[in-house]
Amino acid sequence: MRLELGEGLCIREWEREDAPALAHHADNPAIARWMRDAFPSPYTLGDARRWIGAAIKADPRTSFPIALDGEVIGSIGVLLGTDVYRLTGEVGYWVGEAHQGKGFATRALTAFTAWAFEAYGLERVEATVFAANAASARVLEKAGFTLEGRERRAVVKNGEMDDLLIHARVRAG
């Protein structure tokens, strides 16, 4: 899998050599703040190696790096639904702080979502975002996702309650 997004930006398969760059960009409280608690913080080189190892072994592969000029600057992936949710995927993404505000997340999310519909036979791709994370909500909207609802006081992160916003795109047609 490789999606060329222009100007040196791409989504591709993980390589074991990506671990140092992954650890560098992921080891940031400003990134971990908006992630689920399973996302390590601090994020060590060992964490990066474990993540990449698991992603490479996964079948099907559902996690991919966002790379700029060959260096990993973030990650994007989809959690595939099961049972009655088998045609739904939940997308997640992040871009390192030094690369935020440049449109990289929007470009990656737009291309990845289109690819995921076809690659996994999905009818719906959804994403949840903490209501306080306005930047991520804007990324979703720019990538063609529609705000479908708000789950009030649905998440707790670092001891603070927050609402959860649900965005989705459905297959055209």
Side-chain angles (χ1 to χ4, degrees), residues 1-14 22 25-26 30-39 51-52 54-56 58-68 72-97 99-157 162-173:
M1 183 276 210
R2 186 176 185 92
L3 300 175
E4 295 291 343
L5 308 176
E7 300 172 2
L9 190 68
C10 75
I11 300 170
R12 59 169 172 77
E13 300 282 342
W14 285 106
L22 173 59
H25 290 291
I31 299 298
R33 175 180 182 207
W34 304 117
M35 305 296 281
R36 293 181 181 176
D37 287 343
F39 188 88
W51 177 260
I52 292 169
I56 288 171
D59 183 23
R61 289 188 180 180
T62 57
S63 173
F64 305 92
I66 300 169
L68 180 63
V72 171
I73 62 165
S75 181
I76 193 163
V78 63
L79 178 62
L80 300 174
T82 60
D83 199 316
V84 297
Y85 301 104
R86 65 186 168 274
L87 299 180
T88 298
E90 181 184 2
V91 70
Y93 56 90
W94 63 271
V95 172
E97 189 173 25
H99 300 283
Q100 293 175 1
K102 300 175 182 177
F104 296 156
T106 301
R107 286 165 52 195
L109 180 60
T110 301
F112 182 77
T113 301
W115 178 84
F117 276 122
E118 299 306 317
Y120 305 113
L122 300 174
E123 290 295 321
R124 174 185 172 88
V125 176
E126 61 187 25
T128 59
V129 60
F130 299 168
N133 190 351
S136 191
R138 279 194 307 274
V139 166
L140 287 161
E141 291 163 10
K142 288 179 185 177
F145 284 68
T146 300
L147 175 63
E148 292 187 334
R150 174 185 296 260
E151 294 181 23
R152 295 177 19 233
R153 298 180 58 80
V155 293
V156 60
K157 182 70 178 188
D162 198 357
D163 292 355
L164 195 65
L165 303 178
I166 303 166
H167 291 76
R169 278 183 56 187
V170 295
R171 183 186 287 268

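This chain uses plain numbering: 1 for the first residue, then up along the sequence.
The main-chain N or O of Ala32 is found under 3.5 Å from a side-chain atom of Lys157 such that the two form a donor-acceptor pair. Between the side chain of Tyr93 and the main chain of Ser136, a donor-acceptor pair closer than 3.5 Å is present. In this structure, the side chain of Arg107 engages the main chain of Gly6 through a donor-acceptor pair within 3.5 Å.
Counting only heavy atoms from C-beta outward, the side chains of Pro60 and Tyr120 approach each other to under 4.5 Å. Taking 4.5 Å as the limit, every side-chain heavy atom of Glu123 sits out of range of all side-chain heavy atoms of Val170. A 4.5 Å side-chain heavy-atom check between Leu5 and Phe112 finds every atom pair outside the cut-off. Between Val139 and His167 there is no side-chain heavy-atom pair separated by less than 4.5 Å.
Considering all non-hydrogen atoms of both residues, Gly74 and Trp14 come closest at O-CH2, 4.3 Å. Closest approach of Ala108 to Ile11, counting heavy atoms only: O-CD1, 3.5 Å. Nearest heavy atom pair, residue Arg124 against residue Glu148, reads NH2-OE1, 2.6 Å. Taking all atoms of both residues into account, the shortest heavy-atom contact from Arg36 to Glu90 is NH2-OE2, 2.5 Å. Phe64 approaches Arg12 most closely through the heavy-atom pair CB-O, 3.3 Å. Across every non-hydrogen atom of Leu109 and Ile76, the tightest pair is CA-CD1, 3.8 Å.
Other residues, nucleotides and ligands place more than 12 heavy atoms under 6.0 Å from the CD atom of Glu141. Atom CH2 of Trp94 is surrounded by more than 12 heavy atoms from other residues, nucleotides or ligands within 6.0 Å. Enclosure of atom NZ in Lys102 by more than 12 non-hydrogen atoms of other residues, nucleotides or ligands within 6.0 angstrom is indicated. Taking a 6.0 Å sphere around CZ of Arg61, one finds it holds more than 12 heavy atoms contributed by other residues, nucleotides or ligands.
Note: Ile66 CD1 to His25 NE2 = 11.0 Å, rounded to the nearest 0.5 Å. Rounding to the nearest 0.5 Å places CG of Leu122 at 7.5 Å from OG1 of Thr88. One distance of note links CD1 of Ile52 with CG of Leu22; it measures 5.0 Å at 0.5 Å rounding. Distance CG/Asp162 to CZ/Phe130: 7.0 Å, rounded to 0.5 Å. Within the model, atoms CG of Leu165 and CG of Asn133 stand 9.0 Å from one another, a figure rounded to the nearest 0.5 Å. Rounding to the nearest 0.5 Å places CG of Leu147 at 9.5 Å from CG of Leu140.
Asp163 is linked by a side chain to side chain donor-acceptor pair (under 3.5 Å) to Arg150, counting only residues two or more places apart in sequence or in another chain.
Residues Arg171 and Glu118 are paired through a salt bridge, judged by an N-O separation under 4.0 Å between the basic side chain and the carboxylate.
The aromatic rings of Phe104 and His99 sit tilted, their planes meeting at an angle between 30° and 60°.
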Next item on the list: Any chance you could lay out the side chain to side chain contact (heavy atoms under 4.5 Å, CB included) test for Val129 and Trp34, step after step, and finish with the verdict?
Entry: CA-CA 8 Å; Val129 60; Trp34 304 117; over 6 Å; no
